[in-house]
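Below you'll find the structure, written out as structure tokens, and then a few comments.
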2 protein chains.
Amino acid sequence: MTATKAERHSAILELVTHGSAHTQHAIAAALARRGMRATQATISRDIQELGLVRSGSGYRSSSGLVRELVLSVEFIDPMAVIRTPPGTANLVARRIDEAALPGIAGTVAGDDTIIAVLRKRSAGRALKELLANAG
Amino acid sequence: MTATKAERHSAILELVTHGSAHTQHAIAAALARRGMRATQATISRDIQELGLVRSGSGYRSSSGLVRELVLSVEFIDPMAVIRTPPGTANLVARRIDEAALPGIAGTVAGDDTIIAVLRKRSAGRALKELLANAG
DNA sequence: AGTCAAACTGCATAAAGATGCGTTGGTCCA
DNA sequence: TGGACCAACGCATCTTTATGCAGTTTGACT
């Protein structure tokens, strides 16, 4: 492998975002064009790890919606302040609660703002990943 | 068939809501227990029509979150007018598009309102099923 | 350096899902 | 009533995805 697994994951997410990920073979082919060798079996595992779902004729991120609802995330030790569109804070907060990240002590949601209390600084990364990728 | 297609769809959505829809064969078996006969092929088509997605080990509604953003749905032949919280109409509309319901010709989204153009009246049912609970 | 454990991947194959085609049962209209 | 038309299905089959297993690579620790 000339490329790392993380690079491959990034490339796959990019394909998904562009809507050009219809089958796992197609993804493998697209990766090959970028010089990344990987078999369908590997892609299958990648997709599982990235939490992607297939709907209709292509793959997409399962938490795309949450990601789009998150306007900003700011860390102020030991909390994270998350801004969302008006009236949607509860939705996003619930999604965060459902993820049950061990580093998150709890969340409070207002109308367009969420405050999450972190048990430790490192939990910030997990939270950021949840909001930026798949859950 | 003693049961109608709509009843079967409702039953499937209920299974999905309860998280007990892991494979199409399993769904067929569950339906059989309720006295509804249907083959995997039919379930496959149903799932397409209902816009469900398979993630990990089971099917679920692609619109769990979307559902909560939908304030109201009104049908005015041949359209559906959907109200959402301010600023979220585009999100919901995109989700509807992604579900790729065959009966929906297209959607336009403003700030808090979506208009979906239906190919036929019956598509309204599918849309309602997508946006509302096991109806 | 040498060793062990864990992570990663390909191969082969099983499992799951999609679809072309033909049949059936209903509806509409002359 | 007879026929045209059409949505809904099942069957058989093809495509797409998941996975058990074994070989290889990576890293941490002596």
> Can you tell me how far P of dA7(D) sits from CZ of Arg8(B), to the nearest Å?
Replying inline: 15 Å

> Arg54(A) CZ to dA18(D) P: how many Å, rounded?
Replying inline: 9 Å

> What is the distance from NZ of Lys5(B) to C1' of dG10(D), rounded to the nearest Å?
Replying inline: 14 Å

> How long is the line joining CZ of Arg37(A) and P of dC8(C), in whole Å?
Replying inline: 17 Å

> Taking only residues two or more places apart in sequence or in another chain, which ones pass side chain to side chain donor-acceptor pair (under 3.5 Å) with Arg54(A)?
Replying inline: none

>> Please report the distance, rounded to the nearest Å, between CD1 in Ile12(B) and C1' in dC9(D).
In response: 13 Å

Please report, to 0.1 Å, the donor-acceptor pairs under 3.5 Å made by any side chain of residues 26-35 of chain B, with sequence neighbours excluded.
none

>> Using a 3.5 Å distance criterion without hydrogens, assess whether the side chain of Ser10(B) forms a donor-acceptor pair with backbone atoms of Ala6(B).
In response: yes

> Taking atom types as modelled and ignoring hydrogens, do the side chains of Arg83(A) and Ser72(A) form a donor-acceptor contact shorter than 3.5 angstrom?
Replying inline: no

> Where along residues 39-47 of chain B does a heavy atom come under 4.0 Å from DNA chain C, residue by residue in number order?
Replying inline: Gln40(B), Ala41(B), Ser44(B), Arg45(B)

> How long is the line joining CD1 of Ile27(B) and C1' of dG17(C), in whole Å?
Replying inline: 11 Å

> With the 4.5 Å side-chain cut-off for hydrophobic clustering, are Met36(A) and Leu52(A) part of the same group?
Replying inline: yes

> What parts of residues 18-25 of chain B reach DNA chain C, counting only heavy atoms under 4.0 Å away?
Replying inline: Thr23(B), Gln24(B)

> In degrees, rounded to 10°, what is the bend between the two ends of the helix from dA1(C)-dT30(D) to dA30(C)-dT1(D), using five pairs at each?
Replying inline: 30°

>> Which heavy atom of Gly110(B) sits nearest to which heavy atom of Ala89(B), and what is that distance?
In response: O-CB, 3.4 Å

> Are Leu50(A) and Tyr59(A) joined in one hydrophobic group, where the rule is that I, L, V, M, F, W and Y side chains link up if heavy atoms are under 4.5 Å apart?
Replying inline: yes

> Considering only heavy atoms from C-beta outward, does the side chain of Val81(A) approach that of Thr113(A) to under 4.5 Å?
Replying inline: yes

> Who are the salt bridge (charged side-chain N to carboxylate O under 4.0 Å, His left out) partners of Arg94(B), not counting sequence neighbours?
Replying inline: Glu68(A)

>> In this structure, how many angstroms lie between the C1' atom of dA16(C) and the CD atom of Gln48(A), rounded?
In response: 15 Å

> Just how far, in rounded Å, is P of dA8(D) from CE of Met36(B)?
Replying inline: 16 Å

> Do Phe75(A) and Ile115(A) belong together in a cluster built from hydrophobic side chains that touch within less than 4.5 Å?
Replying inline: no

> So, the side chain of Thr17(A) versus the backbone of Leu13(A): is there a donor-acceptor pair under 3.5 Å, distance only?
Replying inline: yes

